[in-house]
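First the structure, in the form of structure tokens, and then the observations on it.
Sequence lines set the chain letters: A, B, ... in the order given, protein chains first and strands last, and positions in each chain run from 1.
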Amino acid sequence: MDISRIIVPLNKAQRQAVCSEAQNNLVLAGAGSGKTWVLVHRIAWLVQVENVSPYSILAVTFTNKAAGEMRFRIENLLKTPVRNMWVGTFHGLAHRLLRAHWQDADLVENFQIIDSDDQLRLIKRIMKELGIDDKQNPPREVQWFINESKDNGLRCEHINVRELHNREYMLEVYQQYEALCQRTGLVDFAELLLRAHELWLKQPHLLKHYQQRFSHILVDEFQDTNTIQYAWLKVLSGNNLPDTHLNTFVVGDDDQSIYGWRGAKIEHIREFEQDFKAGSCETIRLEQNYRSTGNILEVANAVIANNTERLGKELWTEDGEGELLQVYQAFNEIDEAAYVASQIEKWVEKGGKRSEIAILYRSNTQSQPHEYELVKRAIPYRVYGGLRFYERAEIKDALAYLRLVANRQDDAALERIINVPTRGIGQRTIEMIRTEAVAREQHLWQTAVDMIADRQLTARAAGSVQKFLDLIDEMSAVVNDDSMSLSEQVVHIVKASRLKEFHGKENSERAQAKVENLEELVNAAKRFDDEGDPLLEAVKDSLELSQISDVSEEAGSISPLAEFLAHAALEAGEGQADEWEDCVQLMSLHSAKGLEFELVFLCGMEQGLFPHKNALQDFTGGRLEEERRLCYVGITRARQQLHLTHAENRTIYGRSELAYPSQFLAEIPASLISQVRAVNQSPSFTAARNNYSSSQGDENEEGISIGQRVTHKKFGEGTVIDIEGMGARARVQVNFDYEGTRWLMLNIAKLV
DNA sequence: GAATCTCTTGTTTTT
DNA sequence: CAAGAGATTC
């Protein structure tokens with residue numbers, strides 16, 4: 001047994017974690033301290049030294065990227081494929097369980113997963129039916145409420161109406177939404193987790209089966225677990241049973257918890273030590289950093305030190321100080337992008353690779369000026385995140401056809417495409433079918449069939465609807481009859497739906513892109529034909545070994561089509577483009593977690609953008625601390641060189657707005673910064689700042705503040721109004737904006 | 001019922 | 001700027 005290969009490359013703390021004999025382990029691992037490294041070696045240790053079968057190991061991550069990465073690294077270290085080991089995201093694993101045990105989970109066999117876009121549509125539809133004004137009660141808030149409830153494990157019946165404060169309608173919508181999903185075989189992201197949890201509770205024989213099957217559970221990015229995920233984990237681990245044999249090994253960093261808005265709770269790290277102390281629980285801290293220079297770490301430590309709610313941890317390194325941090329104050333976002341691009345050119349000239357470079361930002365829209373600049377200079381780049389492949393409208397249309405073919409009950413899919421391409425079924429008709437469906441308490445498809453039979457529709461509408469129903473049935477017959485491969489099925493459906501013609505008929509660039517995307521969908525299906533879903537393969541392989549009990553882990557007779565649809569919903573299409581080319585990497589700070597780069601640009605360091613304005617409105621400060629952790633994540637991505645940039649003017653909604661430097665910049669010790677351009681010194685910035693502060697918060701009696709947009713119905717051009725407030729008075733003139741026709745902008749004429 | 005125009009409103013982050 | 005809602009016209 002070659003143990004040395006596993007433990008030699010580890011430091012003392014890492015080795016302690018990898019070789020731990022405690023039943024449960026909590027590894028608090030700072031950024032760059034070898035978190036995944038430890039996890040991978042732990043698994044190798046278990047397999048090679050402790051002779052644990054990969055079949056008994058469950059490894060959970062949060063992103064598909066991380067799951068793929070982990071499997072790859074384990075196989076690399078073990079020098080053998082570990083097909084029958086379960087490695088996946090919480091959502092992926094939950095989905096797998098529900099497919100295998102759909103009956104026990106009270107689902108239909110071919111249930112479909114809906115994304116938040118579909119979810120919002122359904123919610124809007126329900127609110128309309130209930131006669132709730134969506135102007136006053138934004139559907140987004142209801143969506144938020146439903147997901148938050150589910151993330152916390154709350155079904156409708158668990159919710160205390162009194163706590164809703166005159167927003168009882170939200171509960172009503174929740175109930176209707178649940179009923180609709182159940183009736184139509186739809187499952188949203190949060191529902192996957194909640195059902196999987198309930199599956200444990202309601203089906204003890206299944207729980208027992210999996211408890212016997214697994215001996216080791218390992219969780220990466222543990223700080224990001226939300227309530228329901230943690231509950232799922234706790235139940236599975238049997239931590240409440242005195243005699244559980246399961247070993248739980250979690251790795252996390254409280255300073256990198258950035259998914260609080262999705263229900264993640266850092267408290268779980270503390271709770272873990274309590275909840276899992278029954279056997280034995282060991283806590284190990286990894287603080288030595290192998291990634292960044294001393295200066296970068298000092299910056300990171302200084303910034304994160306401003307947070308109050310921490311478990312406490314300070315990164316250190318044996319390496320040298322390295323270069324100073326560069327802060328560049330740009331004139332606007334175009335200037336910012338130009339600076340970044342020129343620095344990239346320098347790096348490449350010195351022989352650096354482009355793939356070692358990352359441009360990071362708070363929100364995905366910020367990628368655009370950078371893309372523009374990079375294209376201009378012919379620097380290859382790749383953008384992660386943003387609108388993903390399977391989220392594009394035309395792709396979702398095609399998928400909706402596929403979904404409907406797989407499951408006629410799928411109301412969300414039906415609504416999406418019943419009149420796409422337009423086939424003479426208008427709002428009126430759809431409305432009637434919807435209303436009738438509610439009355440009959442059945443899904444739209446059956447309702448449409450019945451209404452035609454009962455002659456409840458006008459002849460014209462009935463004809464159009466019938467044609468649509470026939471189209472789907474025809475598709476279904478063709479696709480299901482022969483032993484068509486998945487990609488052939490997709491080819492047929494794209495063709496028969498005439499979506500390409502519909503989307504391509506406009507002669508614009510965008511129309512062209514849509515057609516290309518539809519063609520790409522066929523390729524995606526082809527790839528899926530060839531490779532399949534790694535987790536499914538693991539399940540199939542492990543079946544042969546599954547002789548512990550009579551529980552079948554087989555996911556029913558699940559069709560490749562259903563498999564493909566689930567893949568589309570859960571993966572949303574990362575990694576479509578060519579990854580082999582040497583590209584500069586552009587991504588949000590959230591997607592950068594877990595990655596590292598030699599050269600990092602942290603862009604848009606402006607108050608309101610980062611930290612984001614929504615987080616600043618929160619009085620408790622909890623959201624601000626999360627923004628700061630996000631900043632910490634960004635800083636610690638850098639190995640050698642880090643540049644922070646901010647702009648004096650930033651275009652928001654097509655309008656140039658003044659911007660302040662982010663408060664996080666002020667939290668960095670000046671001694672660590674090299675100003676590329678002196679902050680707050682440039683004349684334009686000073687002028688803009690004075691202008692801004694004199695107008696901030698001042699309102700006149702009509703509640704208008706300077707800079708705000710108002711319709712021209714309220715004021716005529718040139719009107720002079722007085723604005724008072726915050727100890728200042730301003731006389732203001734109303735001016736049209738640059739387009740000259742649409743909105744008005746209030747400009748300061750003179751101060752009184 | 002479809003196409004076109006006008007106006008309003010909005011975007012944080014992701015499974 | 002861009003998507004969505006609502007109104008108007010064909």
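Listed candidates were dT14(B), dC1(C), dA3(B). Nearest to the side chain of T422(A) is dA3(B). Distances from the side chain of F189(A) to the nucleotides dC1(C), dA5(C), dT15(B) place dT15(B) closest. In the set dG6(C), dT11(B), dT15(B), the nucleotide with an atom closest to the side chain of K135(A) is dG6(C). If you check dT11(B), dA2(B), dT14(B) against the side chain of H590(A), the one that comes closest is dT14(B). Side-chain atoms of R388(A) lie closest to dT14(B) of the nucleotides dG1(B), dG10(B), dT14(B). Closest contact between the side chain of R460(A) and the listed nucleotides dC1(C), dG1(B), dT15(B) involves dG1(B). With dT13(B), dC1(C), dG1(B) as the candidates, the nucleotide lying closest to the side chain of R428(A) is dG1(B).
Side-chain N/O atoms of N614(A) include none lying less than 4.0 angstrom from OP1 or OP2 on dT13(B). The shortest distance between the side-chain N/O atoms of S591(A) and the OP1/OP2 oxygens of dT14(B) is below 4.0 Å. Using a 4.0 Å cut-off, no side-chain N or O of R423(A) falls inside it from OP1 or OP2 of dG1(B). In this model, the phosphate group of dT14(B) is approached by a side-chain N or O of N364(A) to a distance below 4.0 Å at OP1 or OP2. Distances shown here put a side-chain N or O of K124(A) below 4.0 Å from the OP1 or OP2 atom of dA5(C). The side chain of N64(A) contributes no N or O atom lying less than 4.0 Å from OP1 or OP2 of dT15(B).
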Applying side-chain hydrogen bond (donor to acceptor under 3.5 Å, both in side chains), run through D115(A) and Y390(A) and close with a yes or a no.
CA-CA 10 Å; D115(A) 66 12; Y390(A) 290 111; over 6 Å; no
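Atom CZ of R637(A) is separated from atom P of dT13(B) by 19 Å (rounded to the nearest Å). In this structure, CD of E657(A) is placed 14 Å from C1' of dT11(B), rounded to the nearest angstrom. Between the P atom of dT15(B) and the OH atom of Y384(A) lies a distance of 14 Å, rounded to the nearest Å. Between the CZ atom of R121(A) and the P atom of dG4(C) there is a distance of 8 Å, given to the nearest Å. Between K593(A) atom NZ and dT14(B) atom P there is a gap of 12 Å when expressed in whole angstrom units. The OH-C1' distance, from Y361(A) to dT13(B), rounds to 12 Å in whole Å. For the pair N226(A) CG and dT14(B) P, the computed distance is 16 Å after rounding to whole Å. Rounded to whole angstrom, the span from the CG atom of L624(A) across to the P atom of dT13(B) amounts to 18 Å.
Contact annotation for I425(A): backbone-only contact, meaning every heavy-atom pair under 4.0 Å involves sugar-phosphate atoms and none involves a base. Contact annotation for F610(A): no contact, since no heavy-atom pair falls under 4.0 Å across all strands. Nucleic acid contact for T429(A): sugar-phosphate only, since backbone atoms but no base atoms lie under 4.0 Å from a heavy atom of the residue. No contact: F90(A) has no heavy atom under 4.0 Å from any strand. Using a 4.0 Å heavy-atom distance criterion, R140(A) is classed as a sugar-phosphate-only contact.
Between R428(A) and E431(A), none of the side-chain N atoms (NZ, or NE/NH1/NH2) sits under 4.0 Å from a carboxylate O, so this pair counts as no salt bridge.
Between the side chains of K265(A) and N152(A), at least one donor-acceptor pair of N or O atoms lies under 3.5 Å. S116(A) and Q143(A) share no side-chain donor-acceptor pair at under 3.5 Å. Checking Q256(A) against Y632(A) by side-chain atom types alone, no donor-acceptor pair falls below 3.5 Å.
Geometric assessment of K593(A) against the ring of Y259(A) yields a negative cation-pi assignment under the 6.0 Å and 45° thresholds. Under the 6.0 Å distance and 45° angle rule, R125(A) does not count as a cation-pi partner of Y177(A).
Residue ring and base: W261(A) counts as stacked with dT13(B) (centre distance below 5.5 Å, interplanar angle below 30°).
Taking for each of S363(A) and L570(A) the nucleotide of DNA chain B with the nearest heavy atom, the 5'-most of the two is the partner of S363(A). In terms of position along DNA chain B, the nucleotide closest to N419(A) lies nearer the 5' end than the nucleotide closest to the other residue of the pair S588(A) and N419(A).
Here the separation of dG6(C) from dT11(B), taken at their C1' atoms, is 23 Å to the nearest Å.
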